[in-house]
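Structure, as structure tokens:
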Amino acid sequence: MKKLLILLLIASAYSCKTSQATASKDNSDPTKYVNLITQKDLKKMLYVIASDEMEGRETGSKGQKKAGVYMIEQYQKNGISFPKGASDYYQRIPASYLNARRNQNLQDSENIWAFIEGSEKPEEILVISAHYDHVGIKDGEVYNGADDDGSGTVAVMEIAKAFAKAKKQGHGPKRSILFLHVTGEEHGLHGSRFYSENPLFPIANTITDINIDMIGRRDVEHAKTNNYVYVIGADRLSSQLHDAVVAQNEKYIKMDLDFKFNDPKDPNHFYERSDHYNFAKHGIPSIFFFNGVHEDYHGKDDTPEKIEYDALTKRAQLAFVLAWDLANRETRPVVDKK
């Protein structure tokens, strides 16, 4: 009888511990972690990424590689490793691939990736992407590319930091997240195309790509407010992805979601012009966050002091709460459109 009582007590204690562990994985509310994405941290990193020292981050250049080293240092500082199955933080892309379609004498380059493994569905992968290259130096002037796409680059890094903190506190994502910084965007979306053709994880296991390209400024259409973001592509393949971004914005961020450029008839064709498109081509639901074109687009005055850090922060936070929802929901977004 005494032995039976001891066994019952042990079982009860184990059950209690298991219940507590299960409760600690309640990821219904991202508020605590979305607030870790701050203007201060974004600004600090962007002043490095878009500094003259990085020489405009031309694809495969010394400056881009230096920016990559800095990015990896930040991931290491925040305890975020490279993906399982990779030997380091680099997905190397040979110059022969980068120059195959149109020879621009590009050097060997690299995508940079970091990874947080999911707790319940680790084989399912959410990709959060941004390109970290820009156009380099022209006529002796450094084209810093603070908005294009330094803003997206630091947003992805800050989002990763928030997810890492959540995991450390027992609220890690249920699906795995690949933080993917792609090269060669400015020369034809080469880095994302290379990843989509040479994925580390099966493309079929990729549930969504959240792509962030230029989220630090405003365009002339929104001269009186920066409390907006263009949302492109969310409903092209999955109505559930569209519904998710609308719901998460309404619940947590409350920005104006502008779908103007999502119109397939829009002459700018932005849907086909950033890195999410190489995922969408493979049937992966994809969404593109964008602030629109401004007077310094691809110009020498796209510098860190012109970034509106309040807008950059809110847009990064929107990408985070969407990622949180997708990484933790019961089912992946259904492809219900062609």
Side-chain angles (χ1 to χ4, degrees), residues 37 41-43 45-46 48-50 54 56-59 64 67-68 70-72 74-75 80 83 89-91 93 109-116 125-135 144-163 177-196 206 208-217 229-233 270-271 273-280 284 286-292 297-298 302 304 307 309 311-320 322-323 326:
I37 297 172
D41 289 344
L42 289 163
K43 185 174 185 178
M45 290 190 294
L46 187 53
V48 177
I49 291 291
M54 304 307 176
R57 306 188 309 280
E58 171 65 286
T59 302
Q64 190 198 37
Y70 171 76
M71 291 154 59
I72 290 169
Q74 301 312 300
Y75 281 115
I80 305 169
Y89 287 93
Y90 295 108
Q91 183 184 37
I93 307 176
S109 192
E110 306 85 20
N111 292 334
I112 291 174
W113 49 26
F115 186 71
I116 294 178
I125 311 297
L126 170 65
V127 175
I128 305 178
S129 62
H131 73 92
Y132 74 109
D133 65 317
H134 193 51
V135 300
N144 301 97
D147 193 26
D148 185 16
D149 185 28
S151 61
T153 299
V154 298
V156 172
M157 295 162 66
E158 190 77 345
I159 290 167
K161 183 191 74 175
F163 271 108
I177 304 178
L178 179 68
F179 304 95
L180 184 65
H181 300 272
V182 292
T183 185
E185 190 272 353
E186 299 288 6
H187 293 280
L189 313 184
H190 294 323
S192 55
R193 178 166 55 89
F194 185 86
Y195 180 83
S196 72
T206 302
T208 299
D209 174 46
I210 299 173
N211 186 50
I212 309 172
D213 191 351
M214 297 178 61
I215 59 165
R217 299 273 296 267
V229 67
Y230 289 109
V231 178
I232 302 172
F270 287 123
Y271 178 66
R273 288 172 55 184
S274 194
D275 293 295
H276 61 282
Y277 188 61
N278 281 317
F279 290 89
I284 305 304
S286 301
I287 184 170
F288 171 25
F289 291 120
F290 179 51
N291 57 216
Y297 173 66
H298 280 188
D302 181 10
I307 296 296
Y309 289 94
L312 170 57
T313 302
K314 287 193 74 172
R315 292 162 182 162
Q317 289 175 336
L318 175 60
F320 174 83
L322 176 61
L326 296 175

Is there a side-chain contact between [X] and [Y] in this structure, where contact means two heavy atoms from C-beta onward sitting under 4.5 Å apart?
X: Phe289; Y: Val231; answer: yes
X: Leu42; Y: Ile307; answer: no
X: Tyr132; Y: Val156; answer: no
X: His190; Y: Ile93; answer: no
X: Thr153; Y: Met45; answer: no
X: Gln74; Y: Lys161; answer: no
X: Asp213; Y: His131; answer: yes

Inset, instruction - Run the ring-centre check on Tyr75 versus His181 and record whether the distance is less than 6.0 Å. - result: yes
Legend entry - Close aromatic pair by centroid cut-off 6.0 Å: Phe290 and Phe270: yes
Legend entry - Pairing residues for Ala67 by the side-chain contact (heavy atoms from CB on, under 4.5 Å) criterion, not counting sequence neighbours: Ile49, Met54, Arg57
Inset, instruction - Carefully, step by step, assess Asn211 and Tyr277 under the rule side-chain contact (heavy atoms from CB on, under 4.5 Å). - result: CA-CA 9 Å; Asn211 186 50; Tyr277 188 61; over 6 Å; no
Can you give me the closest heavy-atom contact between [X] and [Y], atom names plus distance?
X: Val154; Y: Leu312; result: CG2-CD2, 4.4 Å
X: Ser151; Y: Ile215; result: OG-N, 3.0 Å
X: Pro83; Y: Trp113; result: CD-CD1, 3.2 Å
X: Ala323; Y: Leu126; result: O-CD2, 3.6 Å
X: Ile210; Y: Ala319; result: CD1-O, 4.1 Å
X: Asn291; Y: Gly216; result: OD1-N, 2.7 Å

Going from [atom1] on [X] to [atom2] on [Y], what distance comes out if it is rounded to the nearest 0.5 angstrom?
X: Met71; Y: Tyr89; atom1: CE; atom2: OH; answer: 11.5 Å
X: Ser274; Y: Ile232; atom1: OG; atom2: CD1; answer: 8.5 Å
X: Thr59; Y: Glu186; atom1: OG1; atom2: CD; answer: 7.0 Å
X: Arg217; Y: Asp147; atom1: CZ; atom2: CG; answer: 6.0 Å
X: Ile80; Y: Ile72; atom1: CD1; atom2: CD1; answer: 12.5 Å
X: Asp209; Y: His276; atom1: CG; atom2: NE2; answer: 8.0 Å

Legend entry - Donor-acceptor under 3.5 Å (Asn111 side chain, Gly191 main chain):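 Confirmed, Asn111 side chain pairs with Gly191 backbone.
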Legend entry - Donor-acceptor contact present, side-chain Thr208 to main-chain Val127, <3.5 Å: no
Inset, instruction - Determine the sole option in Thr183, Leu178, Asp275 for which the side-chain contact (heavy atoms from CB on, under 4.5 Å) test with Tyr195 is passed. - result: Leu178
Legend entry - No-hydrogen, no-angle side-chain donor-acceptor test under 3.5 Å, His134 and Asn144: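 No, because no side-chain N or O of His134 sits under 3.5 Å from a partner of the opposite role on Asn144.
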Inset, instruction - Verify the distance criterion only: is there a donor paired with an acceptor across the side chains of Asn278 and Ser192 at less than 3.5 Å? - result: yes
Inset, instruction - Check the pair Ile159 / Ile212 against side-chain contact (heavy atoms from CB on, under 4.5 Å), numbers first and verdict last. - result: CA-CA 11 Å; Ile159 290 167; Ile212 309 172; 4.0 Å; yes
Inset, instruction - Over 60° means perpendicular and under 30° means parallel, so classify the ring planes of Phe320 and Phe163, tilted if in between. - result: tilted
Legend entry - Criterion side-chain contact (heavy atoms from CB on, under 4.5 Å) on Phe179 and Met157, from CA distance to verdict: CA-CA 8 Å; Phe179 304 95; Met157 295 162 66; over 6 Å; no
Legend entry - Chi angles and distances behind the side-chain contact (heavy atoms from CB on, under 4.5 Å) call for Arg315, Met214: CA-CA 10 Å; Arg315 292 162 182 162; Met214 297 178 61; over 6 Å; no
